[in-house]
Amino acid sequence: MKHPLLPLSETMHYILLALKEPLHGYAIMQAVEQMSEGTVILAAGTLYGAVENLSKHGWIAPVPGEMGRRKVYRITEDGERILAIERGRIEHLLSLYERRG
């Protein structure tokens with residue numbers, strides 16, 4: 001599958017992985033920082049730009065029925081497919097490292 005956003009940036013990987021559970025913006029930022037062991041700290045502008053792109057492509061979506069000021073997002077089936085494609089690509093690259101020593 002060829003898509004203009006592929007391969008995913010490191011930031012997009014983290015956001016999609018974080019959104020395997022419903023989260024709002026600040027919680028996404030915290031989850032990414034935790035998953036990356038503090039090596040990736042998202043600024044609000046970076047996060048919301050990425051969320052806009054991921055939403056536009058249908059890879060994440062607002063959770064229906066959520067109320068309040070904070071918009072809660074979750075990964076979609078298309079987003080899961082994109083992660084599977086990327087996982088395969090990365091596993092292939094890792095296998096090349098293992099074979100080449």
Side-chain angles (χ1 to χ4, degrees):
M1 170 182 211
K2 189 65 177 161
H3 191 281
L5 291 182
L6 293 179
L8 293 176
S9 68
E10 182 179 22
T11 297
M12 288 194 175
H13 275 277
Y14 279 117
I15 292 170
L16 287 172
L17 289 167
L19 289 175
K20 286 187 172 262
E21 64 178 90
L23 297 172
H24 58 79
Y26 183 68
I28 296 168
M29 292 166 55
Q30 290 177 311
V32 168
E33 186 173 348
Q34 182 181 13
M35 282 189 295
S36 72
E37 298 177 342
T39 61
V40 177
I41 299 171
L42 296 177
T46 302
L47 171 68
Y48 291 108
V51 164
E52 185 177 321
N53 267 338
L54 293 168
S55 292
K56 179 174 69 174
H57 293 289
W59 298 350
I60 66 171
V63 175
E66 288 293 325
M67 309 257 296
R69 257 185 63 204
R70 295 179 174 171
K71 195 177 263 188
V72 176
Y73 293 92
R74 184 171 182 86
I75 192 169
T76 63
E77 287 183 22
D78 284 346
E80 292 280 6
R81 279 192 284 277
I82 291 299
L83 277 182
I85 290 167
E86 282 291 271
R87 181 178 178 160
R89 183 184 68 81
I90 291 169
E91 285 174 345
H92 172 73
L93 286 171
L94 287 173
S95 74
L96 295 175
Y97 277 95
E98 291 168 0
R99 283 189 274 178
R100 302 282 178 182

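Below, all heavy atoms of this structure are taken into account, side chains as well, without hydrogens, waters or symmetry copies. Because the structure is a prediction, the values reported are computed rather than measured.
Inter-residue side-chain proximity for Val32 and Ile41 is flagged as unmet; no heavy-atom pair is nearer than 4.5 Å. Between Trp59 and Leu16, some side-chain heavy-atom pair lies under the 4.5 Å cut-off. Residues Leu6 and Arg89 have side chains not in contact (no heavy-atom distance under 4.5 Å, counting atoms from C-beta outward). Looking at heavy atoms from C-beta onward, Met35 lies in side-chain contact with Leu17 at the 4.5 angstrom threshold. Residues Tyr14 and Ser36 are in side-chain contact: their nearest non-hydrogen atoms beyond the backbone lie under 4.5 Å apart. Ile82 places none of its side-chain heavy atoms less than 4.5 Å from the side chain of Asp78.
Atom CD of residue Glu33 and atom OG1 of residue Thr39 lie 9.0 Å apart, to the nearest 0.5 angstrom. Separation of atoms CG (Leu19) and CD (Glu80) is listed at 10.0 Å; rounding is to 0.5 Å. If you take NE2 on His92 and OH on Tyr97, they are separated by 11.5 Å, rounding to the nearest 0.5 Å.
Between Glu91 and Arg87 there is a salt bridge, since at least one side-chain N of the basic residue sits less than 4.0 Å from a carboxylate O of the acidic one.
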| field | side chain to side chain contact (heavy atoms under 4.5 Å, CB included) assessment of His13 paired with Leu83 | value | CA-CA 7 Å; His13 275 277; Leu83 277 182; 4.3 Å; yes
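Counted within 6.0 Å of CD on Gln34, heavy atoms from surrounding residues, nucleotides or ligands total 12 or fewer; the atom is thus considered open.
In terms of hydrophobic clustering, with Ile, Leu, Val, Met, Phe, Trp and Tyr side chains grouped at heavy-atom distances under 4.5 Å, Ile90 and Met12 are assigned to different clusters.
Shown here are the side-chain hydrogen bond (donor to acceptor under 3.5 Å, both in side chains) partners of Arg74, two or more places apart in sequence or in another chain: there are none.
Looking only at distances, no side-chain donor or acceptor of Thr46 sits under 3.5 Å from a matching main-chain atom of Leu42.
Ala50 approaches Ile15 most closely through the heavy-atom pair CB-CD1, 3.6 Å. Closest heavy-atom contact between Ala18 and Leu23: O-CD1, 3.4 Å. Across all their heavy atoms, Tyr73 and Ser55 have their closest contact at CE2-OG, 3.7 Å.
Taking the six-membered ring for Trp and thresholds of 30 and 60 degrees, Tyr26 and His24 have nearly parallel ring planes, at less than 30 degrees apart.
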